[in-house]
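Heads up: the structure comes next, in structure tokens.
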2 protein chains.
Amino acid sequence: MPPATCPGGLLAMNITQHTDYALRLLMYLGACPERRVTIKEVAERFDISRSHLMKLVTELVTKGFVDGARGKGGGLRLARAATRIGLGDVVRQMEPSFALVECFGSGSHCLLDPACRLKGALASALQAFLSELDRLTLADLIGDDGRLQVTLGVPPADAQAPRPTIVIRPAPPAG
Amino acid sequence: MPPATCPGGLLAMNITQHTDYALRLLMYLGACPERRVTIKEVAERFDISRSHLMKLVTELVTKGFVDGARGKGGGLRLARAATRIGLGDVVRQMEPSFALVECFGSGSHCLLDPACRLKGALASALQAFLSELDRLTLADLIGDDGRLQVTLGVPPADAQAPRPTIVIRPAPPAG
DNA sequence: TCAAAAGATGCATTTAATATGTATCTTAAA
DNA sequence: TTTAAGATACATATTAAATGCATCTTTTGA
């Protein structure tokens, strides 16, 4: 008799820092919709490596969440309005294993196998998880009271990126 | 200004093989409630290493799901009826990061921080996940039609462990 | 009381996923 | 045509998960 293992194992349910940062980046971009934000800026703000963030950005661009522009004056911005970016979609796209849940729905052969009631149970729980996220969009995370901008430390909407050529620093960096 | 990171990162939502096997083991034990099952038997049946399974068993015993007996004639069985083992509880106990969700409920300081609306959103989604699992017990996974026994390849209820050493055991102390 | 069967414990190793870093290339605006 | 940006590719480091091995303890039954 073959071992009673389930082919392919169970659900690899996993929200990694990858998705974590993806959502934060989207929040950051949504918090300053009037300009393009550079990867460098976000990397410093989030205190993660630029190259690391770069991969994430590339992925978000590929998947249609972010619009990136190269060259001088380039940078990132949301590819569409924050109200049209569903949290469930982001998670599903960033964590490929989550998208697999769909195949557990009706019609899957695994539900017919009594040993796979376990899979079915976990799959429906995962559906509940995603459904809850589907109720929210990026706009819900951002809010409209400007408090997120303060927390993230993004410059207010009217202050353009201050890039003075002649800098006078009265207080030397005490570090 | 300090980096806009969230202390402790986000939720590390993660169902590992650890929990996977834990649930399967419990299903196996629930499928043959009339006898003690040895770790060796289950390890062979699931085709995983004995030592690996051993650690899992120790944990399940510590957490009160499994009753293990040492010595000759020892083995494992469920610590209580399958109807009284909730799937949500198992997941919460086996994946410590899941239990942390509770602290995101009302009263947590993080919900007051607008930047942490993200945490709140994920936390409520995770609650939905666990609530869905809370609706089921181990008994629901096992069923009562004996099909799981066939799938797992456990001996049927009336056929005692075939160890023909010419032992005549009229009524083994089932407690 | 001793031997064998079982679980318990501790540690070392392997493996795989994540995360990070470096270098180079491409694009586009000033 | 220089410079500021993102894109790509590859190498490395870090960490968690999984596995394996050796040894100890408990308990039963001969």
Side-chain angles (χ1 to χ4, degrees), chain A residues 5 9-22 24-25 29 35-44 46-63 65-77 79 94-97 161 163 165, chain B residues 5 9-10 12-22 24-25 29 35-44 46-63 65-77 79 94-97 161 163 165-169 172-173 175:
Chain A
T5 53
L10 256 189
L11 304 173
M13 186 172 181
N14 207 346
I15 286 197
T16 63
Q17 243 180 315
H18 198 59
T19 300
D20 182 341
Y21 283 136
R24 286 162 198 270
L25 173 64
L29 296 184
R35 65 183 175 101
R36 284 193 183 271
V37 175
T38 67
I39 289 182
K40 185 166 172 288
E41 172 184 339
V42 180
E44 287 173 358
F46 287 177
D47 197 29
I48 59 179
S49 89
R50 198 174 145 278
S51 355
H52 191 203
L53 187 55
M54 182 72 76
K55 288 203 195 68
L56 181 60
V57 165
T58 301
E59 191 178 345
L60 284 170
V61 169
T62 302
K63 295 188 170 162
F65 293 113
V66 167
D67 168 42
R70 295 182 176 189
K72 215 168 191 174
L76 313 171
R77 67 179 176 199
M94 298 306 288
E95 302 285 346
S97 59
R163 214 172 290 167
T165 324
Chain B
T5 54
L10 256 186
M13 187 172 180
N14 208 347
I15 287 195
T16 62
Q17 243 179 313
H18 197 59
T19 300
D20 182 341
Y21 283 136
R24 286 161 199 271
L25 173 64
L29 296 183
R35 66 184 173 98
R36 285 194 182 269
V37 175
T38 67
I39 289 182
K40 185 166 173 288
E41 173 184 339
V42 180
E44 286 172 0
F46 286 176
D47 197 29
I48 59 179
S49 89
R50 197 175 146 279
S51 354
H52 191 204
L53 186 55
M54 182 72 75
K55 289 201 193 70
L56 182 58
V57 165
T58 302
E59 191 178 344
L60 283 170
V61 169
T62 302
K63 295 189 170 163
F65 293 112
V66 167
D67 168 45
R70 295 182 176 190
K72 218 170 191 173
L76 312 171
R77 67 179 177 197
M94 299 305 288
E95 302 285 349
S97 59
R163 211 174 293 166
T165 326
I166 317 183
V167 178
I168 301 178
R169 280 183 288 183

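Order of the sequence lines fixes the chain letters, A, B, ..., with proteins taken first and strands second; residue numbering starts at 1 for each chain. All values derive from a computational prediction rather than experimental measurement.
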In this structure, how many angstroms lie between the [atom2] atom of [N] and the [atom1] atom of [X], rounded?
X	N	atom1	atom2	result
B:R36	D:dT28	CZ	C1'	13 Å
A:R50	D:dA5	CZ	C1'	8 Å
A:E41	D:dA4	CD	C1'	14 Å
B:R77	C:dA6	CZ	P	16 Å
B:K40	C:dA6	NZ	P	8 Å
A:R70	C:dA28	CZ	P	7 Å
B:M94	D:dA18	CE	P	11 Å

Over all strands shown, is A:G75 touching base, sugar-phosphate only, or nothing at heavy-atom distances under 4.0 angstrom?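 The residue A:G75 makes sugar-phosphate contact but no base contact.
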Could you tell me whether B:V66 contacts a base, only the sugar-phosphate backbone, or nothing, with contacts defined as non-hydrogen atoms closer than 4.0 Å?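 Nothing, no heavy atom under 4.0 Å.
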Give a yes/no on whether any side-chain N or O of B:S51 is located under 4.0 angstrom from OP1 or OP2 of D:dT19.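 No.
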It should be established whether A:Q17 places a side-chain nitrogen or oxygen under 4.0 Å from OP1 or OP2 of nucleotide C:dA19.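 Yes, A:Q17 has a side-chain N/O under 4.0 Å of OP1/OP2 on C:dA19.
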I need the [X] [atom1] to [Y] [atom2] distance, nearest 0.5 Å.
X	Y	atom1	atom2	answer
A:K63	A:T58	NZ	OG1	11.5 Å
B:L76	B:L60	CG	CG	9.0 Å
B:L56	B:Q17	CG	CD	11.0 Å
A:E95	A:H18	CD	NE2	7.5 Å

Using the ring of each side chain (for Trp, its six-membered ring), is A:F46 parallel, tilted or perpendicular to A:Y21, with breaks at 30° and 60°?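 Parallel: the ring planes of A:F46 and A:Y21 meet at under 30°.
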Quick one: do B:K55 and B:E59 make a salt bridge, cutoff under 4.0 Å?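 No.
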Any carboxylate oxygen within less than 4.0 angstrom of a Lys/Arg side-chain nitrogen, looking at A:R36 and A:E41?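 Looking at A:R36 and A:E41, the cut-off is not met.
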Is any side-chain heavy atom of A:D67 closer than 4.5 Å to one of A:V61?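 SC-SC contact between A:V61 and A:D67 ruled out.
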Any A:M54 side-chain heavy atom under 4.5 Å of A:I39 side chain: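 Of all side-chain heavy-atom pairs linking A:I39 with A:M54, at least one is under 4.5 Å.
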DNA chain D-proximal residues of residues 52-61 of chain B, any heavy atom under 4.0 Å: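 Residues of residues 52-61 of chain B under 4.0 Å from DNA chain D: B:H52, B:K55.
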Nearest to the side chain of A:K72, heavy atoms from C-beta on, is which of D:dG6, D:dT28, C:dA29?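 Selected nucleotide (nearest to the side chain): C:dA29.
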Side chain of B:H18 - closest among D:dA5, C:dT22, D:dA18: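 Within the option list, the nearest is D:dA18.
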How sharply is the helix from C:dT1-D:dA30 to C:dA30-D:dT1 bent, taking the axes over five pairs at either end and rounding to 10 degrees?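 Angle reported: 0°, given to the nearest ten degrees.
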